[in-house]
Amino acid sequence: MTDNVQIITPKSLTKEAFRAFGDVIEASEDAKNFAINDGFTQRYHDLAKVDVNDNNGHTLINIFRSTPLAQPIAIKMMERHPHGSQAFIPMGSNPFLVVVAPKGEFDVNKIEVFLAKAGQGVNYHKGTWHHFCLTLGSESDFLVIDRGGEGDNCDVLELDGSLVIAPS
Ligand SMILES: NC(=O)N[C@@H](O)C(=O)O
Ligand code: NI
């Protein structure tokens, strides 16, 4: 880790704060929702924009089994998917960290860190810079919805690790 360490404190994940990066997937009361199945199910409807059709792309449904990194976590990489969105929906109740920067030319000064609490998932819009999946607590499974198809769909940048996430 370099000498000029900058500590960044995660902020709460809300739809408004995350709007520039993608969608927050949660059964919140401000989401469009209605009763189905004779009232035995509440449908939280159309929560995220799945964007996988570029270059004849198709939807992939995956499970990512993620192991927590030792804290404090230094940000040493960022990546983006230029041809599609990528959604992470926790299958358990561990919180996780969401590290993002706006699409387009990468700017380390525009990195933002969010803490996703139990019941929250995210959908990175096409081209949003992000760190790979950072679960907290213990090994966690995520349902991941992203794009399959032609073309290299992952640009990766290495960072010097001077930006460190305050332990959660
Ligand atoms: N490489 C891969 O499939 N995973 C990353 O895209 C990620 O965001 O975790
Ligand atoms: Ni990714």
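Read the numbers this way: they start at 1 and go in the same order the structure lists the ligands and their atoms. Residue numbers run from 1 in the order of the sequence given.
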### Query
Can you check whether H125 and F21 have ring centres sitting under 6.0 Å from each other?
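Centroid distance H125-F21: not below 6.0 Å, so no.
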### Task
May I ask you to check whether D146 and S85 show a side-chain donor-acceptor distance below 3.5 Å?
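Distance-only check fails for D146 and S85.
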### Task
Check whether the side chains of H83 and E150 place a donor and an acceptor atom closer than 3.5 Å, and report yes or no.
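Short answer, no.
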### Task
Give a yes/no verdict on whether any heavy atom in C133 is under 4.0 Å from an atom of ligand 1.
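Judged by the 4.0 Å heavy-atom criterion, C133 does count as contacting ligand 1.
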### Salt bridge present between D30 and K15 (N-O < 4.0 angstrom)
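A salt bridge is present here (some side-chain N lies under 4.0 Å from a carboxylate O).
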### Message
Using every non-hydrogen atom in the two residues, find where S93 and A118 come nearest and quote the distance to one decimal.
### Response
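Residues S93 and A118, closest heavy atoms: O-CB, 3.4 Å.
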### Query
Is the distance from the Ni ion (ligand 2) to the nearest N/O/S atom of Q86 under 2.8 Å?
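So Q86 counts as coordinating the Ni ion (ligand 2), yes.
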### Query
Is the Ni ion (ligand 2) under 2.8 Å from any N, O or S atom of C154?
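Short answer: no, not a single N, O or S atom is under the cut-off.
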### Message
Any nitrogen or oxygen of H130, side chain or backbone, less than 3.5 Å from one on ligand 1?
### Response
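In this structure, H130 places an N or O atom under 3.5 Å from an N or O of ligand 1.
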### Query
Backbone or side chain, does any N or O of Q86 fall under 3.5 Å from an N or O of ligand 1?
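Q86 vs ligand 1: N/O contact under 3.5 Å present.
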### Message
Taking ring pair (Phe, Tyr, Trp, His ring centres under 6.0 Å) as the definition, give me every residue that meets it alongside H58, ordered by chain and number, with sequence neighbours left out.
### Response
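H58 satisfies ring pair (Phe, Tyr, Trp, His ring centres under 6.0 Å) with no other residue.
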Output the atom name for the N/O/S atom of [X] with the smallest distance to the Ni ion (ligand 2).
{"X": "H130", "value": "NE2"}
{"X": "H81", "value": "NE2"}
{"X": "E79", "value": "OE2"}

### Task
Using heavy-atom distances, let me know which of F132, F88, F142, F64 sits nearest atom 2 (C) of ligand 1.
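Heavy atom nearest to atom 2 (C) of ligand 1 belongs to F64.
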### Task
Please work out which of the three classes, parallel, tilted or perpendicular, describes the rings of F64 and F88, given edges at 30° and 60°.
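Taking F64 first and then F88, their aromatic rings stand perpendicular (interplane angle over 60°).
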#### Entry: Heavy-atom nearest neighbour in the protein, as seen from atom 1 (N) of ligand 1, with distance rounded to 0.1 Å
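Looking only at protein heavy atoms, the one closest to atom 1 (N) of ligand 1 is E79 OE1, 4.4 Å.
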### Query
Going by the order shown, which atoms of ligand 1 are within less than 4.0 Å of some heavy atom of H81?
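Contacts of ligand 1 toward H81, numbered from 1: 6 (O).
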### Task
Could you check I8, L163, L134 and say which one makes a side chain to side chain contact (heavy atoms under 4.5 Å, CB included) with V99?
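Among the candidates, only L134 passes.
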